[in-house]
Amino acid sequence: MSLPHPPATVTVFAGASSWIESDAVAQCHQVAALDGMRHVAAMPDLHPGKGAPIGAAMASSVLYPFLVGSDIGCGIAVFPIRVKRPDPQRLAARFPDLDAPLDPAPASDLVGEDIPGGYVESLGTVGRGNHFVELARVDAVLDESHAERLGLAAGDLVLVVHSGSRGFGERILRGHTEVHGAGPAPDAAAYLARHDDAVRWGSVNRRLLAARVADALGAPVGEPIVDQCHNLVEIRDGEFLHRKGAAPGDGRDVLIAGTRGTHSYLVAAHAGPDANFSVAHGAGRKMSRADALRRGKAKHTVEELRRTPLGSVVVCGDRQLLFEEAPTAYKRIEQVIADLVDHELATPVATTAPLVTYKVADSAPPRRR
DNA sequence: ATGTAC
């Protein structure tokens, strides 16, 4: 007979004017019912995921690998970069193919360290889904002194890299689920050892992606000023804090991604225990990929999605992905940020405006399906 | 979000 324990609490950090899909809230309550779960904090970019919600931080005495998912170590990094003539059309044509493997894989030279887990497949590649590499310009500076501490001023250019651990994290999750399904990790330390490698791998991958792009643009690139992982397990106060699409918000600076065609927000995060020390990671989908594809095809042309209202260029040789990732498939980033501010989870520091967003090489052959 | 299967 198991000991009775109080049911887990669920808190959604979104205002009444923010629409949150009921399926996603239902997923939060399913997670709350899991053995050992204590508190689920849902961020304003919450949306339904495969089995578990995306945009949530979940604190439990039991470690559940499926709550983090396969893209362990996924995160967003921001690198200062200097580009001489930042013309979007000209630069878009110079982006390298970030699906192609590193050639000849001088990865450890580029990042000055060994490759975590020894997994070299897919190293330096961006992946699909919501991943991207974006050349952006610092637009509005909303907290002058904080921006200055980060070395940022209006007009500066940055590379924003959103990517994760590719097939490495997928392999780690599969190793667990093949035996235990959605059940807990019986040996948390063993899972965490592999997980930690994937988290490091993701960060190395983001640096490699920045280096590849900077090299192709002939531009000097610096160390990341921000690099926060939004899919991971953290041991905190003797519990397992699972973050899935929820960035660490305890005194960290975080880039919260808008969409391919809207601004992103660099924020100073100061989330407390109610929010499981977390903030949002992006605008959050408001449409499923299937809906976005169907409705997008009726509403948009390829040309308007490739040249956005902000004047930026979207490099995306995969037409389906272009529609799935259309800005209209996402919530308004301004509302997500307003919810974080209203709940005192974050303070905006600066906005960035995209110049070139790279998703998939234009020369890429269409994906078979 | 992913590699792989259909």
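So you know, we letter chains A, B, ... as the sequences are listed, proteins then strands, and number each from 1.
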Residue-phosphate contact under 4.0 Å: [X] side-chain N/O, [N] OP1/OP2:
| X | N | value |
| --- | --- | --- |
| A:Arg289 | B:dA1 | yes |
| A:Arg166 | B:dG3 | yes |
| A:His131 | B:dT2 | yes |

Would you mind reading off the distance between [X] atom [atom1] and [N] atom [atom2], rounded to a whole angstrom?
| X | N | atom1 | atom2 | answer |
| --- | --- | --- | --- | --- |
| A:Asp71 | B:dT2 | CG | C1' | 8 Å |
| A:Asp99 | B:dT2 | CG | C1' | 12 Å |
| A:Arg174 | B:dA1 | CZ | P | 18 Å |
| A:Ile76 | B:dA1 | CD1 | C1' | 14 Å |
| A:Leu173 | B:dA1 | CG | C1' | 11 Å |
| A:Arg206 | B:dA1 | CZ | C1' | 14 Å |
| A:Ile172 | B:dA1 | CD1 | P | 18 Å |
| A:Trp201 | B:dT2 | CH2 | C1' | 12 Å |

Qualifying residue, where the test is side-chain contact (heavy atoms from CB on, under 4.5 Å) with A:His230 and the options are A:Val254, A:Ile76, A:Ile256: A:Ile76
Touch class at under 4.0 angstrom, heavy-atom based, for A:Arg171 against every strand present: nothing
Sugar-phosphate, base or nothing in reach of A:Ser122, heavy atoms under 4.0 Å: sugar-phosphate
Exercise: identify the closest heavy-atom pair between A:Glu21 and A:Lys286: OE1-O, 4.2 Å
Ring pair (Phe, Tyr, Trp, His ring centres under 6.0 Å) partners for A:His29, two or more places apart: none
Linked hydrophobic residues, A:Leu322 as query - side chain contacts closer than 4.5 Å: A:Leu293, A:Val302, A:Leu305, A:Val314, A:Phe323
